[in-house]
Amino acid sequence: HTHYFSLVLLHMFPNTKDEAVREQITRVLLERLIAHRPHPWGLLITFIELIKNKQYEFWSHGFVKCAPEVEKLFQSVAYTCLGTTIDRQSETSDASGRGGDAGASAGDLAA
């Protein structure tokens, strides 16, 4: 059930026309990640996939950049989950060849 629910959220995020839905998905994941550990594995893989995979364009959404404090919070949580900093430029440009390719994608997980 966890894997299926993760895939549903990852499918909904880029396919909804309503930015409020993306923001709400992100808010719920973030609230749980801010809580004390241990974090459920489904929460971790869903959030990591969301921030690393270029398909979701996570770092380009307005709710991520609405205030410097919010953006720093996202970067801090991303660092905690990944153990490394995120190069957000590679998330928005194809020229670098990096980005969301490191790790399993949602499509890989479904196979």
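Checked for salt-bridge contact, E23 and R27 miss the test: no charged N lies under 4.0 Å from a carboxylate O. Under a 4.0 Å N-O distance rule, the pair R22/E19 qualifies as a salt bridge.
When side chains are defined from C-beta on, Q55 does not count as touching F13, because their heavy atoms never get closer than 4.5 Å.
Between P40 and R32, the shortest heavy-atom distance links the atoms CD-NH2, 3.6 Å. Residues H61 and E57 approach most closely at CD2-O, 3.0 Å, considering heavy atoms.
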Assess whether side chain to side chain contact (heavy atoms under 4.5 Å, CB included) is satisfied between W59 and Q75, documenting all intermediate values.
CA-CA 10 Å; W59 297 104; Q75 290 173 351; 4.2 Å; yes
What do the steps show when you test V77 against L73 for side chain to side chain contact (heavy atoms under 4.5 Å, CB included), and what is the final call?
CA-CA 6 Å; V77 171; L73 176 65; 4.3 Å; yes
Check step by step if side chain to side chain contact (heavy atoms under 4.5 Å, CB included) holds for V64 and V70.
CA-CA 7 Å; V64 175; V70 173; 6.0 Å; no
In sequence, state the C-alpha distance, the side-chain angles, and the governing distance for L43 and T2, and then conclude on side chain to side chain contact (heavy atoms under 4.5 Å, CB included).
CA-CA 9 Å; L43 172 72; T2 301; over 6 Å; no
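Side chain of T16 to main chain of M12: no donor-acceptor pair is present (N/O by atom type, distance under 3.5 Å, no hydrogens or angles). Remark: the backbone N or O of E49 is not paired with any side-chain donor or acceptor of N53 at under 3.5 angstrom.
Between F58 and F63, the angle of the ring planes goes over 60°, which puts this pair in the perpendicular group of the 30/60° scheme.
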